[in-house]
Amino acid sequence: MSVLKQVYIIAERKKTSKICSAIAAAGAHCENTVMAQGTARSDLLEMLGLDNTDKVLILATAETDSVPGIMEVLKKDFRFGNGGGIAFTVPVSAVSGPASLLILSGGKYR
């Protein structure tokens, strides 16, 4: 079983700092952000409630046990699942070395 998961979050750009603070408090580590532009058709965006196309991709790592809390914060505080954004995780199956594991785990695994 994987100890770490990579968390991917796509949200409105203006919410970047609030989301990063909230997920860090919920147990996420090593947040990185990438500015993005949505490309979906306007009728699809309207149906999903995503009218703003200025997006951010937030990449973070978290221990497997912290992921449910992170997802709950996103649902409750940022309306994920109701047009507020998209979030998913991918298991981290290998890390290149002890220094990488230390960084990705927020210093937890030494």
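The first residue of the sequence shown is numbered 1, and numbering continues consecutively from there. Below, all heavy atoms of this structure are taken into account, side chains as well, without hydrogens, waters or symmetry copies.
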Show me the pairs that pass ring-ring contact (aromatic ring centres under 6.0 Å, His included) and involve residues 4-28, at least two apart or across chains. Tyr8-Phe88
Would you please name every residue forming a side chain to side chain contact (heavy atoms under 4.5 Å, CB included) with Ser66, sequence neighbours left out? Ala62, Glu63, Ile70
Nearest heavy-atom approach of Glu31 to Ala60 is CG-CB, 4.0 Å
Hydrophobic clustering (ILVMFWY, side-chain heavy atoms < 4.5 Å, transitive) - are Leu59 and Val56 grouped together? no
Hydrophobic clustering (ILVMFWY, side-chain heavy atoms < 4.5 Å, transitive) - are Ile86 and Val7 grouped together? no
Using the rule that two of Ile, Leu, Val, Met, Phe, Trp, Tyr join whenever any of their side-chain heavy atoms come within less than 4.5 Å, decide whether Met35 and Ile9 are in one cluster. yes
Arg13 side chain to Ala36 main-chain N or O, any donor-acceptor pair under 3.5 Å? yes
Heavy-atom closest pair (Lys5 atom, Val92 atom, distance to 0.1 Å) is C-CG2, 3.9 Å
Give the cluster check for Val90 versus Phe80: same hydrophobic cluster or not, with ILVMFWY residues linked at side-chain heavy-atom distances below 4.5 Å. no
List the atom of Met71, the atom of Ala87, and the distance in Å for their closest heavy-atom pair. SD-CB, 3.9 Å
Verdict with supporting geometry, Lys18 and Phe78, side-chain contact (heavy atoms from CB on, under 4.5 Å): CA-CA 9 Å; Lys18 289 182 180 181; Phe78 299 99; 4.0 Å; yes
Going only through I, L, V, M, F, W and Y residues with side-chain contacts under 4.5 Å, is there a path from Leu57 to Ile19? no
Is the backbone N or O of Pro91 less than 3.5 Å from a side-chain atom of Gln6, with the two atoms forming a donor-acceptor pair by type? no
